[in-house]
Amino acid sequence: MKSVMRRDALGAGLQRASAKSVVRMASARAAPVAPRTVCQVAKVDEVVSVDEELERLRKENELLRAQLALYQQNQKVAMGSAAVTAPAAATRVLEKPAPAKQTPAAALDGGIIWPKPGEPFWDRSPRASPMPLQGGAAEAPPMERDGNPMHIIHITAEMAPIAKVGGLGDVVTGLAKAALARGHFVTVMLPFYECLPKDQIEGLKHECDIEVPKGYRWDGEMRVGPLKTSVFWGRVQGCPVYLIKPADDTNCNIFRGGRIYGGSYNEMEAYLYFCRACLEYLHVTQQQPHVLQLHDWHAAAASLLYWDVYNPNGYQRTRLMLTIHNLDNTGETRQDEFYFTGVPGENFATIDKALDERTIGHNPERLNLMKGGIVYCNAVTTVSPTYANEVLNGGAAGWLRSTFARPELRTKFHGILNGIDCEEWNPATDPLLPANFDADRPAGKALCKEFLQKGLGLEVDPRKPLVAVVSRLVPQKGIHLIKAALFRTVEKGGQFVLLGSGHSDPAFRQLADGQFKDHPNCRLKIMYSERLAHMIYAAADVVVVPSMFEPCGLTQMIALRYGAVPLVRRTGGLADTVFDVDGPAGSPSQQRNGFVFDGSDDGALHGALDRALSLYNNQPARWAALQQDNMRLDVSWGKSAKSYVDVYRSISA
Ligand code: ADP
């Protein structure tokens, strides 16, 4: 009854919103992939396609621009200008103009703007002109297309690159783009955080306002009233996105502040409201996607609300999937807090529903949103087969182990390995790199290493193994093992670079400002920078991921693609993606590609790191072959997106 009244009240305007949404979905699907030009032009005695001819002219043009930039740079240096530092390598190019005599790396370095000491070089473009290397071996394999397209909507707290804190953001964008490429209708629903970079949202526009039922505190009691909510629409990297926030943000601080999480608002209140707002919007615009894919605890409450409020009789076709990215945070909430959704939490406070079993006998007992999602969703996935097994049969379920012991819940649980977005993470086209490279043209990687060494003020030496960690700094990531890797690498004469931030910052800040301040072989950057992360993967020889547990992990896959050899602790998704070079031969999908250790003591890590450094130092040809083979591995979303579509189909009504 309540919902009928709301529909009447909003009336025709919302019907219009619905029609617009449908048109958008259709056009999202029809968005053409630019076809290769087929017409050809005749040259004297050969036939060259228009594309090839354009490509040749473009490259010629870029080379000329690069040379001009170099010339201008050197002019400035000759005139004593301090504005641009003339890099030694760049000067080399002008001194040796005959291309035939240049090394492949020297031929690529035209156009690089080398860093000056102390410069935050990651905040600007590394080149004066784009790199003339495109496509090639690093291009993602073409995506297979599925028949019978499905309509999928993701509800999520993160979406890369506009709202990324960790892997969740990467996964949502990568999977959404892959399913779109397979021919499905895909949309993402995301909080409209105040800090989103609006210039990265294509065609951003206000879609409509709706009234969302929301609980609020009044005189110490929870009451329900409507909160006017604005829905915006745009595209992020081609993927349609709805962005949701309270309409009047002068009176309400939900999603306000300079960060994705930990803004000035109450996170639990904000995500509970967000879940209700997403369902309310779909309801008033009469959208019934085949599947709503809910990501982590932030979106899990949508499953409780869907079956309790919006589809109690099961007549609507939409089915729900929960994807668990990490069981470290499961969304515990007080029953009265759940009222922020407009629905009393007591409705779900039983063992078979969402009661947090740790709190039985407490006063009051609490709810666990992830548990509710597991119970109320038609399918539950997690992000690698090994982590799924650790959840079902090992200790990874933690406090949710009795939930995962229930036979009816075990059978709907699947482990699907994440991929990476191979457009975003492509060393052959990555505009954030000073030089591009791929398996067939690896020379640019040496320039990336030189660039990073110069930028970070490390000793510039191509022979020193550069070991890197790019990570959130939280206990999950094996803080003591990251430190062990740092000390061992420096002790063995290598270089160590860390890019990370999180609760465990202080210990690393202390090292950065103390023992390793201005160290020629160690740099610890305690910060978050997407741009610097790209440069580090491209420069690194080894990327260390020593997690205590790891649902999937993306850094080891990015490392493979960027020709850095991964060194990982055997757990979760790391065990599914990295296979030891000295280990037994596995199946073709388990090509030996890195270094793996068991155990969680420093000695275990040292063993693997020593083997890696020894191979790097003593067998350069084998190391180079390993890097090149790794760059050819398929770490894209192709296979995994198909597995997701199979699960969507298995639950769809
Ligand atoms: P998690 O989701 O647990 O953080 P993943 O390995 O799944 O770990 O994903 C981490 C993602 O976040 C990768 O894309 C990685 O490059 C990125 N990342 C982690 N820390 C930083 C940082 N300090 N700066 C930039 N990117 C980071």
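Counting convention: from 1, in listed order, for ligands and their atoms alike.
- For the residue pair Q556 / E550, no side-chain donor-acceptor distance below 3.5 Å is found, with atom types taken as modelled.
- For S589 and S587, the side-chain atoms include at least one donor-acceptor pair closer than 3.5 Å.
- Proximity of M527 to ligand 1 is established by a heavy-atom distance of less than 4.0 Å.
- The local environment of CZ in R124 is crowded, with over 12 non-hydrogen atoms from other residues, nucleotides or ligands closer than 6.0 Å.
- The shell of residues lying under 4.0 angstrom from ligand 1, judged by heavy atoms, excludes C552.
- The heavy atom nearest to atom 14 (O) of ligand 1, out of those in D328, D170, L554, is found in D170.
- The distance between the ring centers of Y644 and H184 does not fall below 6.0 angstrom.
- Here atom 18 (N) of ligand 1 lies nearest to V470 when heavy atoms of L168, V470, L499 are compared.
- In this structure, L190 CG and I260 CD1 are separated by 7.5 Å, a value rounded to the nearest 0.5 Å.
- The residue from S529, S501, P161, A533 that puts a heavy atom closest to atom 24 (N) of ligand 1 is S529.
- Comparing heavy-atom distances from atom 8 (O) of ligand 1 across K477, E550, R531, R472 singles out K477 as nearest.
- For K164, the closest heavy-atom approach to ligand 1 falls below 4.0 Å.
- For atom 20 (N) of ligand 1, the nearest protein heavy atom (residue, atom name, distance) is S471 C, 3.4 Å.
- In terms of protein heavy-atom proximity, atom 27 (C) of ligand 1 is nearest to Y528 CE1, 3.5 Å.
- Atom 16 (O) of ligand 1 has as its closest protein heavy atom Y537 OH, 2.7 Å.
- Summary of contacts: the protein heavy atom closest to atom 2 (O) of ligand 1 is G167 N, 2.6 Å.
- Residues in residues 512-533 take part in these salt bridge (charged side-chain N to carboxylate O under 4.0 Å, His left out) pairs, two or more places apart or across chains: K164-E530.
- In summary, R611 and D580 engage in a salt bridge, as defined by a charged side-chain N under 4.0 Å from a carboxylate O.
- In this structure, the ring of F516 has its center no less than 6.0 angstrom from the ring center of F496.
- For the pair I558 and ligand 1, a heavy-atom separation below 4.0 Å is found.
- By the 3.5 Å distance cut-off applied to N or O atoms, G166 is not counted among the residues near ligand 1.
- Taking every heavy atom of G500 and a limit of under 4.0 angstrom, the matching atoms of ligand 1 come to 23 (N).
- Taking the six-membered ring for Trp, Y265 and Y271 have ring centres at least 6.0 Å apart.
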